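Remarks on the structure that follows.
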2 protein chains.
Amino acid sequence: MATIKDVAKLAEVGVGTVSRSLSGNGGVSAKAQQRISQAMLQLNYRPNSFARALSTQRSNIIGVWLPSLSGSFHQHILHAIELELRRHDKHLILANAEGAGSNEACLQHLDYLIRRDCDGVLMVCPEMAVSDLLSAQASYPPLVFINHSVDLLSAESFSVDHYLGGRLAAIALLEQGHQNIACITGRLSAQDAQQRQQGFVNELARQDRPINPRLVIEGSFDFEECRAAIHQLLSSGLAFDALFCGNDKVALVALSMLQSAGIKVPQQVAVLGYDNVDFAAYASPPLSTISIPIEQMASAACRRVLNMAYDLQLTIPKVESPRFIARASTP
Amino acid sequence: MATIKDVAKLAEVGVGTVSRSLSGNGGVSAKAQQRISQAMLQLNYRPNSFARALSTQRSNIIGVWLPSLSGSFHQHILHAIELELRRHDKHLILANAEGAGSNEACLQHLDYLIRRDCDGVLMVCPEMAVSDLLSAQASYPPLVFINHSVDLLSAESFSVDHYLGGRLAAIALLEQGHQNIACITGRLSAQDAQQRQQGFVNELARQDRPINPRLVIEGSFDFEECRAAIHQLLSSGLAFDALFCGNDKVALVALSMLQSAGIKVPQQVAVLGYDNVDFAAYASPPLSTISIPIEQMASAACRRVLNMAYDLQLTIPKVESPRFIARASTP
DNA sequence: ACGCAAAATGGAACCGATTCCATATATTTA
DNA sequence: TAAATATATGGAATCGGTTCCATTTTGCGT
């Protein structure tokens, strides 16, 4: 592999001149430029990214920490980040913390990224302790949180108003006149699931239609666990005519299980999801849901970390509010 | 940030000794080791990955090139790769070529990875020209292909027997006694879609039940396009009692559209998918499908690239054959 | 206690870029 | 045309590791 010295020699200039030509920010005469470009082409020169990183103390790599690679939610986040990073010619190193149950395990995965000398890190960490996030923030390179609001780090947290999302779900179901509303939440140790659950329950209470606590089941976004949660609800013998699910995945499973049990959706039970994943529109019946601006949130976070890591001034879009999407799974 | 020199000074040893202690492969006395560890701890030392990469000419980074980040197929591949790489303490740089239509655009994305000096690259490139793959193979670091068999590079291609997958679909539907079988394929410019299509059609012909060409529609895995393909089939007026779809996504959309059109599944039309994604089991009705060992294929490819890039001898698992999974969407 | 092989050690040279500085060349101004 | 200024240039020092080699220390056998 040709080095900058080879180029300099062939072009009959000094390495400094080649370097300046490369970075484009110094004075290089047209003749020199010409000869250098020629030489680079001829040698098929490609600058060595490590030498550059070592010298500039900048890797142009952003680390991305995800709690899982399953499900459209994280997929959309990753997609948005990748797009934004490539736009700025940065690279993306991925860490998937799937299976890392404990806080320490999570931090280890973070360390895995840090070891690579990322210029910044984006984290989607619904269940980590705030104290750990704070100390990570303090001792590491720019760290930005996605789908998590850390009060003390509001400038570095990008989330969606899940509380409002929960309220919107309640409002939509109440408007449709349902009497017995059930709810399967996500894991309540996750901030987002918690918030939307609160919004939902509080809005019902506010409208004097408090939810029956026995109709609230804490689920999770794992297939088996959410199956179990739905089963629990179905076998409880309690009547309900609407079901709000913690996310679309749960809702789709619910749709399937309700119908297998001979229950008509939406005639007997209305089902409402959350997230508005791609599949929601193509479920049978198409799933009503609360749409949230996942990619917008991820882009905003990504631009924030770019600003911090590279002293840029990218404008950071406001993250929009959740919206109710009416489809056939609710009447 | 502390450097190896700082550690050496504090531990009162030479940098060489620290380096050896770090790599663990040289002779370092217990005393020295002790003092060095102590110093590292005290300085919170973390080796600089670029300096190391520069010196060893090895980045410990593997690039992963995906044609898209949507859909479980690529998600599972990424997941399997990430797992395998972390197991060997390598890092993963991601390039998503979504939207890169042309071959050149795809190669540009490959270049984006190469610029980062990956030690090897994994590519999922269903639609790239073989000649380009070959020349890329020749001029770049170890390059391994996933879900694509390149005849001239069989040791570097890891795929699934999609031809057999297609045949299994035909066999299953014929056994169930269907008379008019329809088929919505993926984009036939993609090798895998092509192969399974061929297997399907050939097996039908072999059993003297050749498919009606008008019941074969080339679709794609994009939501809108596959919607259009299904619509085309439904509005053709042609009768059919079974539908084989190019993947589960298409099948799920088909399920939804058929049922919306008042067609009972599986009583009037049986629906068969391909891939066995998570959701398949939770569709309404649960989707029969052909299961393929996605993660196994990805792991195998990943281990191959690790072997090539780092002179390892990891055993490479055989990639299993597709299997028919019977669920409620077929009788 | 002595000699010798083996183990441990320090440090220079190197990896391939960037950047700064002193020098050389070109351009403008009086 | 000379002086003053602006622009271009080469090369050394630097980033933080690894590795090789010459030298010192250690451990062992007699």
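Lettering of chains follows the sequences in order, A, B, ..., and the numbering in each one begins at 1. Only a predicted model underlies this, so the values are computations on that prediction, with no experimental measurement involved.
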Protein-nucleotide distance (B:L22, atom CG; C:dG10, atom P), rounded to Å
15 Å
Select from B:R46 and B:R20 the residue whose nearest nucleotide in DNA chain D is closer to the 5' end of that strand.
B:R46
Contact class for A:E12 vs. all strands (heavy atom < 4.0 Å): base, sugar-phosphate, or nothing?
sugar-phosphate
In this structure, how many angstroms lie between the P atom of C:dG16 and the CD1 atom of A:I4, rounded?
11 Å
Of all the choices, D:dG17, D:dA8, C:dT9, which nucleotide is nearest to the side chain of A:S29 once you look at every atom?
D:dA8
Rounded distance (Å) that lies between atom C1' of C:dA8 and atom CD1 of B:I36
11 Å
Short side-chain donor-acceptor distance under 3.5 Å, A:S70 and A:E98:
yes
Describe the nucleic acid contact of B:A32 in one word from base, sugar-phosphate, nothing, applying a heavy-atom distance below 4.0 Å.
sugar-phosphate
Heavy-atom pair of closest approach, residues A:N96 and B:E82:
N-OE2, 2.8 Å
Can you measure A:K31 atom NZ to D:dT7 atom P for me and round it to whole angstrom units?
15 Å
Reckon B:T17 has a side-chain N or O less than 4.0 Å from the OP1 or OP2 of C:dG10?
yes
Counting side-chain heavy atoms from CB outward, which of D:dA12, D:dG16, C:dA17 is closest to B:N48?
D:dG16
Closest to the B:V28 side chain: D:dG16, C:dT9, C:dA17?
C:dT9
Nearest-angstrom distance from the residue atom CZ of A:F50 to P of C:dG16
12 Å
Less than 4.0 Å between a side-chain N and a carboxylate O, is that true for B:R115 and A:D89?
yes
Using a heavy-atom cut-off of under 4.0 Å over every strand shown, decide if B:R58 touches base, sugar-phosphate, or nothing.
nothing
Does a side-chain N or O of B:S19 approach OP1 or OP2 of D:dT18 to a distance below 4.0 Å, or not?
yes
Could you state the CG-P distance from B:L54 to C:dA17, rounded to the nearest angstrom?
9 Å
Between the side chains of B:D117 and B:S59, is a donor N or O closer than 3.5 angstrom to an acceptor N or O?
no
Distance col, row B:D132:CG vs B:Q137:CD, nearest 0.5 angstrom, shows 13.0 Å
Please determine if a side-chain N or O atom of B:Q57 lies less than 4.0 Å away from the OP1 or OP2 oxygen of C:dG16.
yes
So if I take every side-chain heavy atom of B:S55 and compare against D:dG16, C:dG16, C:dG11, which nucleotide ends up nearest?
D:dG16
Calculate the interatomic distance between B:K5 atom NZ and D:dG16 atom P; express it in whole Å.
8 Å
What's the CE-C1' distance between B:M40 and D:dG17, to the nearest Å?
11 Å
